[in-house]
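To start, the structure under review is shown below, and the notes come after it.
Each chain gets a letter, A, B and so on, in the order its sequence line appears, and its residues count up from 1. Being a predicted model, the structure only gives us computed values, none of them experimental.
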Protein chains: 2
Amino acid sequence: MDPFPAAVAVDLVILTVRRSALHALVVERGVPPFRGWDALPGGFVRPDEDLLTAARRELAEETGVGEGDLYLEQLGTYGAPDRDPRQRVISVAHLAMAADLPEPVAGSDAAAARWSPMAELVDGRLAFDHADILADGVERARAKLEYTTLATEFCPDPFTIAELRSVYEAVWGTELDPGNFHRKVLASEGFVEEAGESTTRGGGRPARLYRAGPGRAVHPPLAR
Amino acid sequence: MDPFPAAVAVDLVILTVRRSALHALVVERGVPPFRGWDALPGGFVRPDEDLLTAARRELAEETGVGEGDLYLEQLGTYGAPDRDPRQRVISVAHLAMAADLPEPVAGSDAAAARWSPMAELVDGRLAFDHADILADGVERARAKLEYTTLATEFCPDPFTIAELRSVYEAVWGTELDPGNFHRKVLASEGFVEEAGESTTRGGGRPARLYRAGPGRAVHPPLAR
DNA sequence: ATAATAGTGTCTCTTAGACAATATTTC
DNA sequence: GAAATATTGTCTAAGAGACACTATTAT
């Protein structure tokens with residue numbers, strides 16, 4: 001069986017936590033199909049480009065964020081024959097997570113890019129099969145928080161344990177016991193390390209500041 | 001940026017446990033490039049085919065296994081620009097697991113297909129980037145055994161707890177305490193259900209037979 | 001002082017894991 | 001009976017989660 005030609009794209013689920021709520025980056029499409037609809041940012045892979053490289057490039061174009069500053073991994077590939085009405089497009093979706101980013105810069109194809117709270121996207125219409133991709137990305141992020149130290153990617157550079165906890169609460173949509181959470185994070189080798197002084201961003205007693213530690217896995221895992 | 005055309009393939013990591021050892025299906029390539037090398041089974045996606053459908057079709061062609069009888073999930077997508085010397089090929093790898101299957105049927109492109117013990121593949125040369133794909137597939141399988149009931153897919157229809165344990169031991173490459181394993185499997189809701197009588201395939205006291213239960217997750221997870 | 005949040009202590013219950021004990025076969 | 005494996009029991013240590021308590025700031 002001979003191969004047939006298809007276009008290869010990367011799409012991005014870019015998650016951040018703003019004001020204690022999970023947000024995803026969406027762009028409003030300026031061209032058909034789905035003109036005027038929201039969609040995930042993305043674009044076509046170039047002939048000489050690796051998939052992850054293409055995802056990093058699109059990420060930089062859409063968010064203005066420098067390379068290497070945020071977490072990026074392959075999420076999954078979506079290739080239903082009719083997912084794009086123009087031609088067969090295979091989309092390799094990627095998942096990115098970052099601390100509260102500046103307002104995004106619209107890319108070439110996008111009329112506007114903005115952070116949208118997940119709550120507005122649950123039943124909001126997204127172009128193509130992007131609602132499926134977004135749901136898969138959020139579920140992946142939720143699962144990864146359990147057994148990896150990824151949540152630190154959502155935090156500002158020095159952060160407090162309470163800020164880290166609010167990331168978990170935003171992504172999981174649950175409330176966590178402050179005391180138990182505090183102890184478990186400090187007990188997990190390499191999750192965080194002290195970053196000097198303390199601050200009082202909240203109302204009460206000043207909290208110590210931490211940085212992301214070298215550990216990648218949380219032992220034992222945090223329960224959702 | 002306009003898209004450029006690429007070929008889309010599915011490759012398969014098909015794992016099984018034979019004689020207490022993890023095996024993967026490999027085919028010997030009958031055509032260049034990499035003629036005479038071992039490779040993962042796979043082929044090009046057809047114009048009207050979903051990715052998972054293509055993987056199922058290839059799986060049936062290579063193993064002669066009927067649809068629906070085994071576990072299949074998307075593993076990841078490999079698209080380095082030079083991974084295939086002929087042209088740009090994006091390969092969507094899939095992971096399949098099944099009970100001890102019959103000797104495979106060679107597909108059209110394959111001179112020969114056979115089960116190869118993982119031990120022989122660790123440093124064995126595989127065509128393209130298939131060694132990476134295989135390694136990723138095995139790692140995914142190892143991780144999934146911890147928190148899913150997937151191991152039952154490797155077992156014959158009615159199976160004993162010891163047979164299930166030997167799957168874990170083969171995939172993880174560790175020894176597990178028979179007593180503790182027994183208790184944890186039975187404690188996990190919906191993991192297995194009794195299937196009537198007992199058998200004595202081993203030497204000692206006959207073991208009860210079980211079937212895969214309706215549960216998909218193992219609570220609490222089994223430690224590696 | 002009061003409110004608010006940070007961080008620590010304590011208690012109970014569950015689970016993991018090591019390992020012993022018992023059960024039921026074959027040789 | 002001896003050997004082998006299945007299944008159950010017991011004990012200890014560690015972790016989860018609920019919740020009380022102390023610490024440190026602002027108002």
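Counting heavy atoms of neighbouring residues, nucleotides and ligands inside a 6.0 Å radius, atom CD of A:E73 exceeds 12 of them.
Distance, A:H219 NE2 to D:dG15 P: 12 Å, rounded to whole Å. The interatomic distance linking B:F181 (CZ) with C:dG17 (P) rounds to 13 Å, in whole Å. In this structure, B:E169 places its CD atom 12 Å from P of D:dT5, rounding to the nearest Å. Protein atom CG of A:L164 is 15 Å distant from nucleotide atom C1' of C:dG7, rounded to whole Å. The distance from atom CZ of A:R224 to atom P of D:dG17 is 13 Å, rounded to the nearest whole Å. When rounded to the nearest whole Å, the span between CG of A:L186 and P of D:dA16 equals 13 Å. We find that NZ of A:K184 is positioned 17 Å from P of C:dG7, with the value rounded to whole Å. Put simply, CZ on A:R165 is 15 Å from P on D:dG17, counting in whole angstrom units.
In this structure, B:R208 reaches the D:dT8 phosphate: one of its side-chain N or O atoms is under 4.0 Å from OP1 or OP2. Applying the 4.0 Å criterion to OP1 and OP2 of D:dA3, one finds that B:R205 has every side-chain N and O outside that range. Dashed line: the shortest gap from a side-chain N or O of B:H182 to OP1 or OP2 of D:dT7 is under 4.0 Å.
In this structure, B:A187 reaches neither bases nor backbone, as no heavy-atom distance under 4.0 Å exists between it and the strands shown.
Among the nucleotides D:dT8, C:dT25, C:dA6, the one closest to any side-chain atom of B:P206 is C:dT25. In this structure, the nucleotide among C:dT8, D:dT8, D:dT7 sitting nearest to the side chain of B:I161 is D:dT7. In this structure, of C:dA18, D:dT7, D:dA18, it is D:dA18 that holds the atom nearest to the side chain of A:N180.
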Show the numbers, then the answer: is there a side-chain hydrogen bond (donor to acceptor under 3.5 Å, both in side chains) between B:D11 and B:Y78?
CA-CA 10 Å; B:D11 284 320; B:Y78 299 78; over 6 Å; no
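Each of B:D177 and B:P221 has a nearest nucleotide on DNA chain C; the 5'-most of these lies closest to B:P221. Take the nearest nucleotide of DNA chain C for A:E163 and for B:L222: the residue whose nucleotide is more 5' is A:E163. Between B:R183 and B:A162, the residue whose closest nucleotide on DNA chain D is further toward the 5' end is B:A162.
Here the closest non-hydrogen pair linking B:V192 and B:Y210 is CG2-CD2, 3.7 Å.
A tilted orientation is assigned to the rings of B:F128 and B:H130, their planes being inclined by 30° to 60°.
To the nearest 0.5 angstrom, A:L12 atom CG is 8.5 Å from A:L25 atom CG.
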